[in-house]
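Presented below is the structure to which this report refers.
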Amino acid sequence: MADGGPVQHGYPHLETVRSAITALYKRLSYDTVHTFDTSVAPADVAFSDQDDLYLGVQRVAREMVRHLRLPDARMIVSFREMEHAAYVELAAGPEYFIELNDRFRTHRRDIGAALAHEVMHVYLHRLDLEFPGTRDNEILTDTATTYLGAGWLLLDAYREDGASSQKLGYLTPEEFGYVLAKRAIAFGEAPETWFTSAQAYTAYTKGLAEARRDEQQPPLTAAGWAGRRRYAKDRRYAQDHGSAEGSPRGGSYAFSRDGSGGGSGSGGALRVSFPCPTCRQRIRVPAGRRIRARCGLCRTVVECDA
């Protein structure tokens, strides 16, 4: 929890975030992911200063349990002084003990965000889905919370001005915006209407622009002129030299031979693999053809000028 200190910006964890989205689809399946097609509603986690603190906390915790379909899990929430925003003890259940930072006694509007992250820890624990190392596992938790419909609260908890700052979670504001935008594109939501923080709205728009760039990378037909030209040059090189030559931008596409024969150069016909713009699972198609492909993991249909 950044509380008054500097807030990191940009996309330093983007590859781990993308891996987390892929892992969610692999572990849950397309059908299960799409049962989370409706996000937590702002009214369901609203928490005013007039509400009883403990009754309100339990109400919001129950809403997170309901949203994540954990009917046999009970969250026991308490407050104490600590460095982090919250902590959950991951045991066998059905009772899970969550501790919230004492500051939430007077910052109640962000209790939903803190509980969303901690209840997601329980959900992932029950799925036996985790990444190695604390940092990457927390990034997985933030990504899952956001992609499955509760993490917009974490982004809305981000506030920053010249005198103070606050941010919950391990992702940067722009990374939260990116995951939220990926979800909005996949489910047809408009989360920008839910924000109470102007800084969260700005971070979302930046994340949306980054998510749109995923849909504009070659060999997708939506790629810009420069990307298509670079791709054609790389494809010619791979065709002539029989090598797997990735793109200059992070190797998002790569060429290979399928070993079936019939292609020029060495080996079989040339194929290209590239990340699905929705789930980042790699899609492999014949190179040198205009083709429509379907991702086998998230069922997204893409138009390619391969």
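The OG1 atom of T143 sits 13.0 Å away from atom OH of Y170, with the distance rounded to the nearest 0.5 Å.
Using a 4.0 Å cut-off between charged nitrogen and carboxylate oxygen, R59 and D44 do not count as a salt-bridge pair. Between R235 and D240 there is no salt bridge, since none of the side-chain N atoms of the basic residue sits less than 4.0 Å from a carboxylate O of the acidic one. Look at R229 and D234 and you find no salt bridge, because none of the NZ, NE, NH1 or NH2 atoms lies under 4.0 Å from a carboxylate O.
Each of L124 and Y87 belongs to its own hydrophobic cluster when Ile, Leu, Val, Met, Phe, Trp and Tyr are linked at side-chain heavy-atom distances under 4.5 angstrom.
Side-chain rings of Y253 and Y231 approach one another, their centers coming within less than 6.0 Å.
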Identify all side-chain donor-acceptor contacts of residues 290-306 below 3.5 Å with residues at least two apart in sequence or on another chain.
residue, atom, partner, partner atom, Å
R292, NE, E303, OE2, 2.7
R292, NH2, E303, OE2, 2.6
T300, OG1, T278, OG1, 2.9

Donor-acceptor contacts, no H, no angles, side chain residues 185-195, under 3.5 Å, sequence neighbours left out:
residue, atom, partner, partner atom, Å
E189, OE1, S39, OG, 2.9
E189, OE1, R183, NE, 2.9
E189, OE2, S39, N, 3.1
E189, OE2, S39, OG, 3.1
E189, OE2, R183, NH2, 3.3
T193, OG1, A190, O, 3.0

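Using a 4.5 Å heavy-atom threshold, the side chains of V57 and F104 count as separate. Side-chain atoms of F274 and L220, non-hydrogen and from C-beta on, do get closer than 4.5 Å to each other. With contacts defined as side-chain heavy-atom distances shorter than 4.5 Å, the pair R126/L70 qualifies. Using a 4.5 Å heavy-atom cutoff, the side chains of M64 and L153 are in contact. Side chains of N137 and P132 form no contact here, defined as non-hydrogen atoms less than 4.5 Å apart.
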- Task: Please assess E160 against Y158 for the test side chain to side chain donor-acceptor pair (under 3.5 Å), listing each intermediate value before the final yes or no.
- Result: CA-CA 7 Å; E160 188 172 18; Y158 162 57; 2.6 Å; yes
- Check against side chain to side chain donor-acceptor pair (under 3.5 Å), Y147 and Y25: CA-CA 11 Å; Y147 203 82; Y25 275 97; 2.8 Å; yes
- Item | side chain to side chain donor-acceptor pair (under 3.5 Å) between R103 and Q166, worked out | CA-CA 12 Å; R103 74 189 303 273; Q166 174 186 280; 2.7 Å; yes
- Message: Under the criterion side chain to side chain donor-acceptor pair (under 3.5 Å), I'd like the reasoning laid out for H125 against E130: C-alpha separation, chi angles, the key distance, then a yes or no.
- Response: CA-CA 7 Å; H125 176 70; E130 63 178 343; over 6 Å; no
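Checking side-chain atoms of Q58 against main-chain N and O of M75 turns up a donor-acceptor pair under 3.5 Å. In this structure, N101 contributes its side chain and H84 its backbone to a donor-acceptor pair below 3.5 Å. Under a 3.5 Å cut-off, the side chain of R69 and the backbone N or O of T35 do form a donor-acceptor pair. A distance-only check finds a donor-acceptor pair linking the side chain of R282 to the backbone of S273 [under 3.5 Å].
Scanning for side-chain contact (heavy atoms from CB on, under 4.5 Å) contacts around R105 gives L53, Y54, F79, D102, with sequence neighbours left out.
By the 6.0 Å contact criterion, CG on D128 is open, its count of non-hydrogen atoms from other residues, nucleotides or ligands being 12 or less.
Shown are V122, V88, I76; of these, the side-chain contact (heavy atoms from CB on, under 4.5 Å) with I98 is made only by V88.
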